[in-house]
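Below is one structure, written out as structure tokens; comments come after it.
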Protein chains: 2
Amino acid sequence: MSLRHAVLGLLSEGPASGYDLLKMFDISLSNVWPATQSQLYAELGKLADAGLVDVSAEGPRGRKEYAITEEGLAELRRWITEVEPTRVLRSDMLLRVFFLAQVSPEQARAYLGHQADRVRKQLEHLEGIREFLENRHDNLSEYGRMTLEYGLRLGKAQVEWAEWAEGQIR
Amino acid sequence: MSLRHAVLGLLSEGPASGYDLLKMFDISLSNVWPATQSQLYAELGKLADAGLVDVSAEGPRGRKEYAITEEGLAELRRWITEVEPTRVLRSDMLLRVFFLAQVSPEQARAYLGHQADRVRKQLEHLEGIREFLENRHDNLSEYGRMTLEYGLRLGKAQVEWAEWAEGQIR
DNA sequence: TATGGCATGTAAACGGTTACATGATTAG
DNA sequence: CTAATCATGTAACCGTTTACATGCCATA
């Protein structure tokens with residue numbers, strides 16, 4: 001149930017509406033834990049029922065602003081420190097590599113080269129985010145930089161791997 | 001629909017029963033695309049309905065051996081060369097990093113240290129698989145080594161990142 | 001006054017996990 | 001004979017995606 005904790009985490013920085021949260025997800029969490037609009041509104045309802053958040057203000061157009069409760073904060077901290085992350089990383093990119101013997105060597109090399117390109121583009125995108133994050137000093141940006149660095153390092157390793165793998169196919 | 005293609009991929013190396021496939025998933029694909037028993041039997045039924053595999057033999061205890069059809073092979077190749085891999089990699093490990101400001105610096109450092117340990121253990125596990133794979137020369141092992149190398153490289157980058165991140169917290 | 005952005009909500013479908021349920025065959 | 005392994009199948013539940021549906025408010 002990570003969506004729940006993603007919402008709690010964002011609300012730990014201050015109250016927000018479902019609409020606000022959706023934008024926050026798209027800006028900061030889209031590469032780590034994306035969420036859709038329908039998911040969000042449903043989850044906010046459940047969180048309110050569970051007493052982990054409550055409606056702190058109502059605005060125009062039916063806007064409901066939610067704030068995290070003490071219980072919600074406690075649950076967020078418990079999740080961070082006591083719940084083991086799940087390590088399953090399904091990758092259909094890597095799954096295709098397993099079966100590369102079923103296509104020609106040219107096609108296999110093209111596949112790997114294409115993956116390297118994709119990750120290079122992703123890295124450029126992340127560099128853009130890095131610039132955007134410069135000069136921002138809130139909690140989320142501070143630790144956002146840390147997750148960004150993760151993306152940068154792993155992305156570079158991925159590009160190097162794909163180039164190496166391409167060279168392995170004769 | 002990657003499960004479908006994972007099954008086709010395994011069957012491209014030769015006929016197998018649901019039970020055989022389950023073991024193949026556990027041995028070779030567990031780190032890339034895990035599957036459960038119930039999922040497998042259901043998928044084999046659907047693949048047979050779609051004409052991508054057929055029952056090539058029946059054995060004791062109701063055993064049904066499935067073989068990939070020409071259509072199935074064509075579909076597998078199409079999926080490898082023409083379908084773009086989905087890049088979404090949800091990570092609740094990284095999601096926690098975003099919210100690390102909500103726990104004490106000691107807890108945050110402990111969290112990152114713990115993640116480094118976990119990946120180091122995973123790397124040891126992968127080294128074990130590397131030894132197991134040595135001297136095997138079928139298609140799956142050949143390209144399995146390539147995915148293994150991916151796991152090894154990315155794992156190392158992950159450990160280095162976690163150690164770096166731990167040092168960032170003052 | 002019309003467009004774009006703000007704002008919330010519901011429903012269907014899909015894929016994956018967990019649990020249940022059953023029974024045949026083989027090896028010790 | 002009995003335990004382990006082989007072997008298949010179904011059902012309930014949960015989280016995610018996609019699509020549908022509606023309406024208000026500000027500004028150009």
Side-chain angles (χ1 to χ4, degrees), chain A residues 1-8 10 15-27 29-50 53-66 79 83-92 95, chain B residues 1-8 10 15-27 29-50 53-66 79 83-92 95:
Chain A
M1 275 198 306
S2 291
L3 173 68
R4 152 160 301 203
H5 298 98
V7 172
L8 289 174
L10 291 177
S17 68
Y19 193 84
D20 296 337
L21 287 169
L22 186 61
K23 282 183 294 178
M24 293 167 83
F25 265 92
D26 285 345
I27 294 167
L29 301 185
S30 61
N31 294 302
V32 167
W33 205 273
T36 60
Q37 178 256 10
S38 38
Q39 237 182 323
L40 256 174
Y41 286 108
E43 192 59 48
L44 283 167
K46 285 185 228 158
L47 281 165
D49 288 348
V53 305
D54 42 42
V55 178
S56 55
E58 306 207 22
R61 282 167 291 199
R63 176 189 169 91
K64 281 187 263 178
E65 204 173 66
Y66 293 89
W79 174 75
V83 182
E84 280 285 297
T86 56
R87 83 242 124 274
V88 195
L89 46 111
R90 279 195 165 82
S91 165
D92 61 325
L95 184 59
Chain B
M1 274 198 308
S2 293
L3 173 68
R4 152 160 303 203
H5 297 98
V7 172
L8 288 175
L10 290 177
S17 68
Y19 192 85
D20 294 338
L21 287 168
L22 186 62
K23 280 183 294 177
M24 293 168 84
F25 265 93
D26 286 344
I27 292 167
L29 301 185
S30 62
N31 294 301
V32 167
W33 206 273
T36 60
Q37 178 257 10
S38 36
Q39 238 182 322
L40 256 175
Y41 286 108
E43 193 58 49
L44 283 167
K46 287 184 225 159
L47 282 164
D49 288 348
V53 305
D54 43 42
V55 178
S56 56
E58 305 207 23
R61 280 166 293 201
R63 175 189 170 92
K64 282 187 264 179
E65 204 173 64
Y66 292 89
W79 174 77
V83 182
E84 281 284 297
T86 57
R87 82 241 124 277
V88 195
L89 47 110
R90 278 196 165 82
S91 165
D92 63 324
L95 184 59

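Labels below follow one simple rule: chain letters A, B, ... track the order of the sequence lines, proteins then strands, and each chain is numbered from 1. Only this structure's heavy atoms are used, side chains among them; waters, hydrogens and symmetry mates stay out.
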Check your understanding: Can you find a pair of side-chain heavy atoms, one from B/Tyr66 and one from B/Val55, that are under 4.5 Å apart?
Key -> yes
Value for CD (A/Glu43) from NE2 (A/His5), rounded to nearest 0.5 Å, stands at 9.0 Å
Closest heavy-atom pair, B/Tyr19 versus B/Tyr41, reported as atoms and distance to 0.1 Å, is N-OH, 3.4 Å
When rounded to whole Å, the NE2 to C1' distance for the pair B/His5 and C/dG16 reads 17 Å
Looking only at C/dG9, D/dG15, D/dG9, the nucleotide nearest the B/Tyr66 side chain is D/dG9
Rounded to whole Å, CG of A/Leu40 lies from P of D/dG15 at a distance of 15 Å
Check your understanding: Distance check: side-chain N/O of A/Lys64 vs OP1/OP2 of C/dG9, anything under 4.0 Å?
Key -> yes
Separation of D/dT5 atom C1' from B/Leu22 atom CG, nearest Å, is 13 Å
Rounded to whole Å, the CG-P distance (A/Leu95 to C/dG16) equals 11 Å
Exercise. Has the side chain of A/Asp20 got a donor or acceptor atom that lies under 3.5 Å from a matching backbone atom of A/Ser17?
Worked result: yes
ask   = Can you tell me if the side-chain N/O atoms of B/Tyr41 get under 4.0 Å from OP1 or OP2 in D/dT8?
value = yes
Taken to the nearest whole Å, CG/A/Asp20 to P/C/dG5 is 16 Å
Examine D/dC25: is either OP1 or OP2 under 4.0 Å from a nitrogen or oxygen in the side chain of A/Arg61? Give yes or no.
no
Residues passing the side chain to side chain contact (heavy atoms under 4.5 Å, CB included) test with A/Asp26, sequence neighbours excluded, are A/Leu22
Value for CG (A/Leu47) from CZ (A/Arg4), rounded to nearest 0.5 Å, stands at 4.5 Å
Here the distance between atom P of D/dT17 and atom CZ of A/Phe25, to the nearest Å, is 11 Å
Between CG of B/Leu21 and P of D/dG9 the distance, given in whole Å, is 13 Å
- prompt: Which part of the nucleic acid, if any, lies within reach of B/Arg90 when heavy atoms closer than 4.0 Å are counted: base, sugar-phosphate only, or nothing?
  reply: sugar-phosphate
message = Less than 4.0 angstrom between a side-chain N/O of B/Tyr19 and OP1 or OP2 of D/dC6, yes or no?
response = yes
Rounded to whole Å, the CZ-C1' distance (A/Arg63 to C/dG9) equals 16 Å
Numerically ordered, the residues 30-38 of chain A set in heavy-atom contact under 4.0 Å with DNA chain C is A/Gln37, A/Ser38
A/Gln39 side chain N/O closer than 4.0 Å to the phosphate oxygens (OP1, OP2) of D/dT17?
yes
Here the gap from B/Glu58 atom CD to B/Arg63 atom CZ, rounded to the nearest 0.5 Å, amounts to 11.0 Å
